[in-house]
Amino acid sequence: MNPTITKPQPLPHDDALATFAATLQEAIGAVYPDAPQSAIAFEAPRNPQFGDFATNAAFSLTRIAKRSPQDIASALVAAVLERRPELRESFAEITPTAGFINLRIAPAIWQAVTARVLSDGAKFGEFAARNMRISLEFGSANPTGPLVVVQGRTCSLGATLANAMRYCGYDVFVEWIINDAGGQLDTLGRSLYARYRQIFDPAFPMPEEGYPGDYLPPIAQSIADNDADRWVNAPEDEWLPYFSKTGRDTLVAEQRETVQRFGVGYDLWQSEKELHDTGKIKAGLERLKEAGHTYEQDDALFFKATEFGDDKDRVLVRRDGRPTYFANDVAYHYEKLKRADKVVDILGPDHHGYIGRLKGLAEALGYSRSHLDVMIAQQITLVRGNEIVSMSKRAGHIVTLDDIIDEVGVDAARFFFVMLAPESPLTFDLELAKEQSNENPVYYVQYGHARIASVFKNADAGDVEAARTASLEPLTNPAEIALARRLAELPRVVENVVENLAPHRLTRYARDIATDFHQFYHECRVLVDDRNLRFARLGLCLATQTILARTLSLMGVSAPESM
RNA sequence: GCGCUCGUAGCUCAGCUGGAUAGAGCACUACCCUCCGAAGGUAGGGGUCGAAGGUUCGAAUCCUUUCGAGCGCGCCA
């Protein structure tokens, strides 16, 4: 994703930083008139002793100022405070250290952010609509079998990303492409037909390269239940279309069920065959032809992919007139590029070599390369403890996404599949995923949420209600401030997830919230006698619960009241 | 051979587009429940960020080279 200029609703600490940045700009202009104007950037220091935010503005002035960064930083801090002494109210510390200017936000500001969480609820931090349409495609599979583990990962990543994009104000359109246009539909039809014939004659052979999985016999059986033996003696040109279509329709329906069960929603299930039937494939090819990016050779139509960085030209239409898989992609991406400001594909590990070709394609179709982003989800190794779970398709014992959900549940599966950076290969430990212990990160996070709910059960109902609007001024303990500060990060974290196509950062954030909460819980008793303090802490708990639940909901993971 | 991705603690991995003493979980060691859920918290040991150069105030991060691992390179989909 390209960084975009839209900002979330500014929060109190954003305002404080903006004021500081503006004042710092003025100070730089006054002290070093020759300095080039450049934006003041803040980052969170790794080490909390340096404060909440730091800017390295002094470093870029060393050349002009001909002084050490530390001297420059000191001079700038003095100048800033002279211009706007009231900044001391927003910042507990403004300290030049080793050339950095370190800032610590005042507790009152964090209290104000927490109050905002309480008033905004689940909508906290959401960006205003930015009138930008994103087409997001993921999961897409051949309609020739059940969804498998890799779709679990692409769907988890994709759905999380879609949620994050919506949070950031994008108009997201989620699509699935059904690969029902190629020769695999014939194979499916023949395999299903063989299963059907086997009902009447167990010795009937499966076709070479057929699909051996145990998901076809039930479909064959239902055909036999409806039609009895009417297809046994039918000619191939009658039974093949019927068995292909029936298999395809049934399997797509099952895939949709699985995806829905997994908590992933789609706006469009696009049939590739339909793109053919409605002339879209042709339109895409025409576009490339008109732009002069094709040529004919050996009676086949080629795309000049080498002109766009690919290592060889690619066939679009075969000698026999049938379009290739890539031609379908040309058409479909042309469609998507036309109707979206941004197109993002999440593909499986076997599509590595494809990414450059697709970007080149976008360019050839008259769009910029950055109009299209491709995210590759690396492969998954299924493991049960120390034992590798075989997923050999050839041997017929495939592990389906439904199997995984049955075994570990939706929450653990969704969390584990997004936990790692997409480009990192994932080892999915089924035993760990269903283990209800401290080794399991899902439970650690959910436990935090349940623990808060438990505090509320022990509190007077009236207190919890009153806490929604109570003064948060009593929150001054470092653990309380650290937690409040963490809650304030949500908008930035989600924005970062979208801009870097990095959904896994959400899981880390969820763990960070849980950690900060557990520390707070250990440090500060919530239900104390002091009424004001009790209300304030209940308010902090409410805010934490809100942010934790929201973060989990972005990932499609539930936030249980008890467990 | 060409291309993509990855090499960070014993293991599994983060590292926010170049920042300060490289982090987390697990495992290991030692602690913490008369009190809101111990599915929790605290402390400790453990690293030449695969290697070598380069860019600059500053590199795990960017560039080049190199070693190692995985994957992809059909008129299959």
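No experiment lies behind these values; they were computed from the predicted model shown. Chain A is the first sequence line, chain B the second, and so forth, proteins listed ahead of strands; every chain is numbered from 1.
B:C49 and B:G7 have their C1' atoms separated by 10 Å, with the value rounded to a whole Å. Straight-line distance between the P atoms of B:A20 and B:C33: roughly 38 Å, to the nearest whole Å. For B:A69 and B:G74, the C1' atoms lie 26 Å apart once the distance is rounded to whole Å. Spacing of P atoms, B:G45 relative to B:C35, comes out at 33 Å, to the nearest Å.
The partner of B:A59 cannot be assigned: no Watson-Crick or G-U wobble pair with both contacts below 3.5 Å exists in any strand.
Within the structure, every side-chain polar atom (N or O) of A:Arg525 is placed at least 4.0 Å from both OP1 and OP2 of B:C35. A sub-4.0 Å separation between OP1 or OP2 of B:G58 and a side-chain N or O of A:Asn56 is absent. Proximity of A:Ser424 to the phosphate of B:A14: a side-chain N or O atom is located under 4.0 Å from OP1 or OP2.
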Donor-acceptor contacts under 3.5 Å from residues 457-466 of chain A side chains, at least two apart:
| residue | atom | partner | partner atom | Å |
| --- | --- | --- | --- | --- |
| A:Asn458 | ND2 | A:Ser454 | O | 3.1 |
| A:Asp463 | OD2 | A:Arg534 | NE | 2.9 |
| A:Asp463 | OD2 | A:Arg534 | NH2 | 3.2 |
| A:Glu465 | OE2 | A:Arg468 | NE | 3.3 |

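Closest contact between the side chain of A:His522 and the listed nucleotides B:C32, B:G37, B:A14 involves B:C32. Checked against B:C36, B:C16, B:U42, the side chain of A:Gln519 finds its nearest nucleotide in B:U42.
Under a 4.0 Å N-O distance rule, the pair A:Asp516/A:Arg486 qualifies as a salt bridge.
Between A:Phe100 and B:G19, no base-stacking contact is recorded for ring centres under 5.5 Å apart and planes less than 30° from parallel.
In this structure B:U21 sits in the anti conformation; its chi angle is more than 90° from 0.
Ring pair A:Phe53/A:Phe20: centre-to-centre distance not below 6.0 Å.
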